[in-house]
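Notes follow once the structure below has been shown.
We count ligands from 1, going down the list as the structure has it; atoms in each ligand are counted the same way. What you are looking at is a predicted structure, and each value in this text was computed from that prediction instead of being measured.
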Amino acid sequence: MPSTVLVTGGAGFIGSHTTVALQQAGYRVVVLDNLCNSSASVLERVERITGARPQFIHGDIRDTALLDELFAAHPVDAILHFAGLKAVGESTQKPLEYYDNNVHGSVNLLQAARRAAVQTFVFSSSATVYGDPQRLPLAEDHPRSATNPYGHSKLVVEDILESLYRAEPGWRLARLRYFNPVGAHPSGLIGEAPQGVPNNLMPYVAQVARGARTRLQVFGDDYDTPDGTGVRDYIHVMDLAQGHVAALRYCERQKQCLLSVNLGTGRGYSVLEMVRAFEKASGRPVPYDIVARRPGDIAACWADTNLAATTLGWRATLGIEDMCADAWRWESGREA
Ligand code: NAD
Ligand code: WQD
């Protein structure tokens with residue numbers, strides 16, 4: 001019997017790509033998603049890529065009865081927990097919604113997992129937990145801090161997992177700190193589909209290239225970086241998906257573990273470098289204006305990738321050309 005993995009938020013951007021990678025690695029996948037930021041049609045597209053449709057349960061991680069039914073009906077061996085809200089700006093407007101979804105939702109899921117004796121749990125954390133970097137590259141022992149409710153919710157769940165592990169060491173827990181996930185599956189069938197105005201750079205750039213938006217606003221060119229624009233560690237979502245498979249396999253090999261590990265490439269690119277790479281990949285212009293800094297932004301951040309390489313045996317392999325080409329294949333296939 002192949003192992004069965006519950007993927008919460010599996011209809012979303014990172015969860016859907018990870019579902020593809022899991023199925024291709026031989027896992028059975030059960031997706032739980034309330035579709036608050038995604039569409040069930042993604043699961044059909046996953047089936048077109050992998051030849052197998054993941055089981056789909058439309059529901060919420062905060063629904064205790066539904067979780068108990070789910071664990072009773074499916075032989076879940078491990079949980080990859082992506083479900084949550086992720087917009088930094090919105091989190092400052094709606095803090096209760098963010099803590100409820102991200103913190104209460106995670107606790108509810110962990111409690112249901114415990115009742116079902118599922119003890120392998122991989123959590124989507126974020127490089128946002130490092131706050132404003134004191135040194136680069138960012139290693140996992142860098143001090144953590146948060147300046148907004150979204151980031152704080154990630155910090156709190158990281159700490160909850162730590163407390164849980166101290167109290168009940170039978171758990172196998174991984175806290176994966178993603179840098180900036182971008183790109184799409186190379187088929188062009190699944191990708192990032194933000195609702196409304198994109199908050200993140202790459203989907204915005206892609207929409208400008210497609211003509212759905214007129215100009216990009218570059219948030220500041222006076223940072224202490226080579227060209228003055230912000231520098232980030234962009235990671236292809238398929239590399240990120242493989243990082244999850246590697247983390248899951250690592251947990252499966254352990255009797256017990258509590259891991260915090262960066263998933264990034266170890267290389268930073270500026271906003272203007274990304275704009276130029278996207279123009280090249282798409283053959284389309286991306287006109288932009290330099291505007292004021294976005295409050296809360298940091299100048300630069302990129303990952304120390306050594307721990308991921310030594311513990312998980314995983315490294316990112318795809319570069320910004322792949323990120324932009326795959327993001328463009330997905331974007332250009334969408335409705336105008
Ligand atoms: P996404 O919004 O595309 O996917 C999240 C999915 O979870 C969506 O399909 C949404 O419908 C679902 N969901 C939300 N709340 C739910 C709930 N209460 N119950 C059930 N389903 C729920 O986001 P993503 O980019 O795929 O992010 C996945 C995870 O990775 C999130 O936890 C996010 O905080 C984290 N993360 C994302 C990034 C990024 O830049 N995309 C970076 C670091 C960490
Ligand atoms: C990247 C760069 C912007 C948009 C956010 C969250 C973080 C994580 C990933 C979840 C920055 C610049 C952006 C635009 C711009 N998410 N930019 N014009 O801010 O590194 O991280 O997403 O965990 O928590 O904070 O990503 O894509 O928003 O910005 O100039 O329209 O692009 O200033 O330098 P960020 P981003």
Side-chain angles (χ1 to χ4, degrees), residues 7-18 31-40 42 57-63 66-67 80-89 91 97-98 100-102 104-106 108-109 123-131 146-148 150-151 153-154 157 176-182 190-195 197-205 207-208 213 215-221 223 225 228-235 237 240-241 244 263-264 268-272 274-275 288-302:
V7 178
T8 74
F13 173 43
I14 305 169
S16 59
H17 291 80
T18 304
V31 166
L32 171 65
D33 201 301
N34 69 3
L35 304 179
C36 71
N37 197 33
S38 54
S39 151
V42 168
I57 293 152
H58 182 193
D60 198 294
I61 53 169
R62 294 164 296 178
D63 184 339
L66 178 105
L67 290 180
L80 263 55
H81 177 35
F82 297 94
L85 303 179
K86 64 165 180 179
V88 171
S91 80
E97 282 84 345
Y98 271 70
D100 187 41
N101 258 279
N102 295 2
H104 165 223
S106 297
N108 201 45
L109 180 62
F123 173 61
S124 299
S125 189
S126 167
T128 196
V129 300
Y130 295 121
T147 54
N148 58 70
Y150 169 73
S153 76
K154 292 292 173 191
V157 176
L176 304 182
R177 296 178 179 154
Y178 315 155
F179 281 66
N180 289 58
V182 297
I190 56 173
E192 190 170 8
Q195 294 173 353
V197 182
N199 298 305
N200 295 113
L201 176 68
M202 284 298 275
Y204 204 109
V205 166
Q207 291 190 11
V208 172
R213 300 193 185 276
R215 298 175 80 79
L216 171 73
Q217 295 192 320
V218 174
F219 298 141
D221 68 349
Y223 286 105
T225 60
T229 65
V231 168
R232 297 292 184 273
D233 183 339
Y234 297 95
I235 175 167
V237 66
L240 194 62
H244 286 78
L263 297 182
Y269 288 96
S270 75
V271 174
L272 295 182
M274 294 308 284
V275 167
Y288 63 85
D289 300 305
I290 307 286
V291 301
R293 291 182 180 192
R294 183 171 63 179
D297 270 0
I298 56 174
C301 119
W302 61 89

Task: Euclidean distance, L32 CG relative to D63 CG, rounded to 0.5 Å - done: 9.0 Å

TODO: Among all protein heavy atoms, pick the one closest to atom 2 (O) of ligand 1 and tell me residue, atom and distance.
DONE: N37 ND2, 2.7 Å

TODO: Going by heavy-atom distance to atom 8 (C) of ligand 1, choose the closest among V42, N180, V31, D33.
DONE: D33

- [ ] Answer side chain, backbone, both or neither: which part of H81 comes under 4.0 Å from ligand 1, heavy atoms only.
- [x] neither

- [ ] List, ordered by chain and residue number, the protein residues whose closest non-hydrogen atom lies under 4.0 Å from any atom of ligand 2.
- [x] V88, S126, T128, Y150, N180, N199, N200, L201, L216, Q217, V218, F219, G230, R232, Y234, V271, R294, D297

Open item on the list: Out of all atoms in ligand 1, which are within 4.0 Å of some heavy atom of N101? Include the element for each.
Closed with: 15 (N), 16 (C), 17 (C), 18 (N)

Task: Distance-only N or O hit between ligand 1 and F82, under 3.5 Å - done: yes

Open item on the list: So for S125, does at least one of its heavy atoms come nearer than 4.0 angstrom to any atom of ligand 1?
Closed with: yes

- [ ] Out of M202, K86, R177, H104, indicate the one that has the non-hydrogen atom closest to atom 25 (O) of ligand 1.
- [x] K86

Open item on the list: Give me the nearest non-hydrogen protein atom to atom 13 (N) of ligand 1 as residue plus atom name, then the distance to 0.1 Å.
Closed with: N34 OD1, 3.4 Å

Task: Residue F219 excluded, over 12 heavy atoms near CZ under 6.0 Å - done: yes

TODO: Give yes or no for whether the N/O distance cutoff of 3.5 Å, strictly under, is met between L32 and ligand 1.
DONE: no

Task: Non-hydrogen side-chain atoms of W302 and V231 separated by less than 4.5 Å - done: yes

Open item on the list: Quick one, H17 with F82, criterion ring-ring contact (aromatic ring centres under 6.0 Å, His included). Give me CA distance, side-chain angles, the key distance, then yes/no.
Closed with: CA-CA 11 Å; H17 291 80; F82 297 94; over 10 Å; no

- [ ] Mind checking whether E192 contacts ligand 1 via backbone (N, CA, C, O), side chain (CB onward), both or neither, at a 4.0 Å heavy-atom cut-off?
- [x] neither

Open item on the list: Could you tell me if S125 and Y178 have a donor-acceptor pair between their side chains, going purely by distance under 3.5 Å?
Closed with: no

